[in-house]
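Remember, it's a predicted structure, so these values are computed and weren't measured experimentally. Basis for what follows: all heavy atoms, side chains included, without hydrogens, waters or symmetry-related copies. Convention: sequence-line order gives letters A, B, ...; per-chain numbering from 1.
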Protein chains: 2
Amino acid sequence: MPALYSFALCPDSRFIQLILGELGVDYEVEETKPWVWDEALAALNPAGTLPVIVDMAEKPLCGSYAISEYLAEVTPALKSLRPQMELLYGDAAQRGEIRRVTEWFLVKFHKDTSSLLLDEILLKNLSGGGEPDMETLRTGRENLTYHLSYMTHLLQQQPWLAGEQVSMADLAAAAQLSCLDYISHIRWKDIPEVKEWYSRLKSRPSFRPMLAARVGGNPPPSYYTDLDF
Amino acid sequence: MPALYSFALCPDSRFIQLILGELGVDYEVEETKPWVWDEALAALNPAGTLPVIVDMAEKPLCGSYAISEYLAEVTPALKSLRPQMELLYGDAAQRGEIRRVTEWFLVKFHKDTSSLLLDEILLKNLSGGGEPDMETLRTGRENLTYHLSYMTHLLQQQPWLAGEQVSMADLAAAAQLSCLDYISHIRWKDIPEVKEWYSRLKSRPSFRPMLAARVGGNPPPSYYTDLDF
């Protein structure tokens, strides 16, 4: 069975977990602490980063880009599992739009906001790295407001972030937002379009393992797993 | 004809220029200053980032991920131009390796070293942003040494960074290194394997437009365009 090296509050790990869940692929989780240098992980992925998936292709697949594209390519072979599911759909231009929005969340959103907030609030706490830096928190929160406005703009035009069907882009965005929701940083009442979109995603079976995961000593807010939040 | 919004010393722009050159696709260059907010660019790409390519697909293609995968997908349609060229080759596992190494250079190398050095040395100069920060320069240079060691390690095992044939991964890496070479930050004599690899790439026709580009008031070192450097 494939094994996914991941961390419960790593947005890239969550992105891949969601894709695997949508495709109906069974896998084991190798929970990994990203703030500790891990020789076993580095032997699989020289970058030392998550996620990594082994026992799926001939070699370990490393990083959200390689894994997500691999899973999109092998989807036809998996059609017997979930015949209706195609997360990178449409013609080349539509696929370009899905990849544009996916990169927005995996790279830009992550750099601008979730990596700042998760590092300061969660990873510093878990690794004994001291108090959060207030200036970094303020930057991350300001950037979050801008990104949520852009999501609202997209969702006012179409039901999903990159078009008429759910795609990798929605899973990339939900992976980021779910981590920030875990640390109580999403004010849902201020963003009704985003809340309605997230509500649709949250009720999908692929979200259940992700929402059930906990990081010791850092519980999420009470509404975190509620489908009516 | 397709138009590529790019900046001469943006590694992501260079990556796409090299792919277009390898595939033999004609295009026009829309030279763009990344340190100036550009309404026309933002109308094409809400992220406001480079590269963007218009008049190729039905919609603008934004960002190195979407553009490179688009070009890899349409390569079969371009086969009449360069029948021998496939930059994302092999089975799904081999393609996973090409994407792993591509992401290494586009994201990790860029974040660890080239964005630091290019921002401090070049963009601050061009935008009137003051003197380079010495601590940031030192970090970028230390990280560069580490990344060059990893390249040496890969090239001691195989002729190209992700296998037996030239691939997107080599172009992603060369795009980064060529920018740092422009600002005199590659000590070629210390890295013979990397130098030999870069020498093979530098003589390819796809490199000519990139090596000919200049940024006003900031000339490259004399050996920058030499094939024997």
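Considering all non-hydrogen atoms of both residues, A:A93 and B:A57 come closest at CB-CB, 4.0 Å. Residues B:A92 and A:V74 share a closest heavy-atom pair of CB-CG1, 4.5 Å.
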Distance-only criterion, 3.5 Å: which donor-acceptor pairs connect chain A and chain B?
| unit_1 | atom_1 | unit_2 | atom_2 | d |
| --- | --- | --- | --- | --- |
| A:Y65 | OH | B:E69 | OE2 | 2.7 |
| A:E69 | OE2 | B:Y65 | OH | 2.7 |
| A:E73 | OE1 | B:R95 | NE | 3.2 |
| A:E73 | OE2 | B:R95 | NE | 2.9 |
| A:E73 | OE2 | B:R95 | NH2 | 2.9 |
| A:E73 | OE2 | B:R99 | NH1 | 3.1 |
| A:E73 | OE2 | B:R99 | NH2 | 2.9 |
| A:R95 | NE | B:E73 | OE1 | 3.2 |
| A:R95 | NE | B:E73 | OE2 | 2.9 |
| A:R95 | NH2 | B:E73 | OE2 | 2.9 |
| A:R99 | NH1 | B:E73 | OE2 | 3.1 |
| A:R99 | NH2 | B:E73 | OE2 | 2.9 |

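Proximity to chain A (any heavy atom under 4.5 Å) is shown, for B:P46, by both the backbone and the side chain.
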